Amino acid sequence: MILSIIVAIGKNNEMGKNGDLLCHLPADLKHFKEITSGHTVVMGRKTFDSLPNGALPKRKNIVISRNPELKIENATVYPSLDYALIKLLDEDEVFIIGGAQIFKQILFDTDKLYLTKIHAEFPDADAFFPPVDYSQWRETGRETFPADEKNPYSFSFIELERI
Ligand SMILES: NC(=O)c1ccc[n+]([C@@H]2O[C@H](COP(=O)([O-])OP(=O)(O)OC[C@H]3O[C@@H](n4cnc5c(N)ncnc54)[C@H](OP(=O)(O)O)[C@@H]3O)[C@@H](O)[C@H]2O)c1
């Protein structure tokens, strides 16, 4: 199984504020959908709560929570990341989609990073991606786009593999 993280971060590793995303970047939402569709996505319970329409369609949704009573329509709840990864061992690629608590626990076990770098700073952010030691990663892809009428900031889609 390839374990991948997909995340959108600002210049200072910002990734969320008040339980929501930093900004609305439709090009990134489309990219996220294209990369993750047909695969399993694993998320923390707070990230699940932030989804506007519940479980993500066309993907197997796994939510990590310590609440043994939690039941979610169209998603499977697992009590820990380790338990989820054992259950998902037979999958080709599993996408960890957040949030900050989950990324912090999984970054060192991750094989691939799909980073959207938003070329802006977000001073009100309250959720941050953990520091990345880029000497441990090889860049395998990068595309940069300017801001436009729909996307308020310039951004880059960057793909990295662990060396
Ligand atoms: N920029 C991006 O690409 C991106 C992506 C995803 C999320 N976000 C943002 O990130 C923020 C949410 O991140 P967050 O760090 O606050 O929350 P989170 O990581 O999404 O979820 C935290 C919750 O996950 C569960 N959990 C975490 N570790 C666990 C473990 N080891 N075992 C069992 N359960 C565990 C707990 O749920 P219970 O409390 O139910 O036990 C915990 O409260 C939001 O602002 C969201 O919009 C941004």
Side-chain angles (χ1 to χ4, degrees), residues 3-37 39-57 59-88 93-110 112-132 137 141-145 147 151-160:
L3 188 58
S4 296
I5 279 177
I6 184 162
V7 64
I9 58 176
K11 277 187 180 173
N12 306 306
N13 282 15
E14 307 96 313
M15 51 169 279
K17 61 175 178 192
N18 301 329
D20 208 344
L21 295 176
L22 298 168
C23 60
H24 182 57
L25 213 52
D28 185 54
L29 298 180
K30 182 167 175 273
H31 175 74
F32 175 87
K33 191 172 169 188
E34 282 168 6
I35 301 267
T36 59
S37 283
H39 295 282
T40 295
V41 291
V42 177
M43 69 199 93
R45 192 264 310 159
K46 291 185 182 174
T47 292
F48 179 83
D49 285 348
S50 78
L51 299 177
N53 302 308
L56 298 171
R59 281 147 282 192
K60 188 201 279 187
N61 286 237
I62 307 289
V63 178
I64 308 297
S65 171
R66 295 187 180 91
N67 177 359
E69 312 292 324
L70 185 63
K71 304 251 181 310
I72 300 175
E73 200 179 347
N74 298 321
T76 304
V77 181
Y78 284 148
S80 73
L81 268 171
D82 287 347
Y83 185 86
L85 295 182
I86 289 168
K87 286 288 198 184
L88 298 171
E93 186 170 14
V94 170
F95 287 89
I96 310 294
I97 65 165
Q101 284 187 34
I102 296 294
F103 287 145
K104 195 173 163 193
Q105 297 171 65
I106 205 75
L107 178 60
F108 287 103
D109 296 317
T110 302
K112 287 184 80 172
L113 288 180
Y114 297 79
L115 281 187
T116 299
K117 280 213 173 167
I118 306 169
H119 302 146
E121 299 188 61
F122 298 89
D124 332 338
D126 57 16
F128 293 84
F129 195 70
V132 180
W137 295 87
R142 177 183 287 255
E143 282 182 290
T144 297
F145 300 88
N151 298 282
Y153 305 105
S154 164
F155 55 94
S156 301
F157 295 142
I158 303 168
E159 294 189 12
L160 301 144

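Just follow the structure's listing: the first ligand is 1, and inside any ligand the first atom is 1. Just so we're clear, the structure is a prediction, and the values are computed from it rather than from any experiment.
Distances below 4.0 Å separate heavy atoms of Gly19 from the following atoms of ligand 1: 44 (C), 45 (O), 47 (O). Interface atoms of ligand 1 facing Ile97, defined by a heavy-atom separation under 4.0 Å, are 5 (C), 6 (C). When each atom of ligand 1 is checked for a heavy atom of Lys17 under 4.0 Å away, the hits are 45 (O). For ligand 1, the atoms sitting less than 4.0 Å from at least one non-hydrogen atom of Ser65 are 33 (C), 34 (N), 37 (O), 38 (P), 40 (O), 41 (O), numbered in the order shown with element in parentheses. Listed by number with element, the atoms of ligand 1 under 4.0 angstrom from any heavy atom of Arg45 are 21 (O), 23 (C), 24 (O), 37 (O), 38 (P), 39 (O), 40 (O), 43 (O). Contact atoms of ligand 1 toward Ala100: 13 (O), 14 (P), 15 (O), 19 (O) (distance under 4.0 Å to a heavy atom of the residue). Atoms of ligand 1 found under 4.0 Å from any heavy atom of Pro79, numbered from 1 in the order shown, are 32 (N), 33 (C). Those atoms of ligand 1 that come under 4.0 Å of a heavy atom in Ala8, given as number and element, are 1 (N), 2 (C), 3 (O).
Taking 4.0 Å as the cut-off, Asp20 counts as a neighbour of ligand 1 on heavy-atom distance. Residue contacts with ligand 1 include Gln105, since one or more of its heavy atoms lies under 4.0 Å from the ligand.
Of the listed residues (His39, Lys112, Glu93), just one forms a side chain to side chain donor-acceptor pair (under 3.5 Å) with Ser4, and that residue is Glu93.
Although no hydrogens or angles enter the test, the distance criterion places no donor-acceptor pair under 3.5 Å between the side chain of Ser156 and the main chain of Ile158. In terms of modelled atom types and a separation under 3.5 Å, the side chain of Thr40 and the main chain of Val94 share no donor-acceptor contact. Distance alone, capped at 3.5 Å, places no donor-acceptor pair between the Glu14 side chain and the Ala125 backbone. For Asn12 (side chain) and Gly10 (main-chain N/O), no donor-acceptor pair under 3.5 Å exists by modelled atom type.
Rounded to the nearest 0.5 Å, atoms CG (Leu22) and NZ (Lys17) are 7.0 Å apart. Atoms CG and CD1, on Leu113 and Ile5 in that order, are 5.5 Å from each other to the nearest 0.5 Å. Atom CD1 of Ile106 and atom CG of Leu81 lie 4.5 Å apart (nearest 0.5 Å). Between atom CD1 of residue Ile6 and atom CZ of residue Phe157 there is a gap of 8.5 Å, rounded to the nearest 0.5 Å. Taking OH of Tyr83 as the reference point, atom CG of Leu85 lies at 12.5 Å (rounded to 0.5 Å).
By heavy-atom distance, the residue among Cys23, Ala127, Ala84 lying nearest atom 11 (C) of ligand 1 is Ala127.
On a distance-only criterion, Val7 and ligand 1 share no N/O pair closer than 3.5 Å. Considering backbone and side-chain atoms alike, Gln101 places an N or O below 3.5 Å from some N or O of ligand 1. Inclusion of Arg66 in the set of residues having an N or O under 3.5 Å from an N or O of ligand 1 is warranted. Looking at Gly99 next to ligand 1, an N or O pair under 3.5 Å apart turns up.
Under 4.0 Å from ligand 1, not a single heavy atom of Asp126 appears.
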Query raised in the report: Hey, mind stepping through Asn151 and Phe145 against side-chain contact (heavy atoms from CB on, under 4.5 Å) and telling me if it holds?
Result: CA-CA 9 Å; Asn151 298 282; Phe145 300 88; over 6 Å; no

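Put simply, the side chain of Val7 reaches to within 4.5 Å of the side chain of Leu115, judged on heavy atoms.
Atom 25 (C) of ligand 1 has Ile64 O, 3.2 Å as its closest protein atom, hydrogens excluded (heavy atom only). For atom 7 (C) of ligand 1, the closest non-hydrogen atom on the protein side is Thr47 OG1, 3.2 Å. Considering only non-hydrogen protein atoms, atom 48 (C) of ligand 1 sits nearest to Met15 O, 2.9 Å. At the shortest separation from atom 21 (O) of ligand 1 among protein heavy atoms lies Lys46 N, 3.3 Å.
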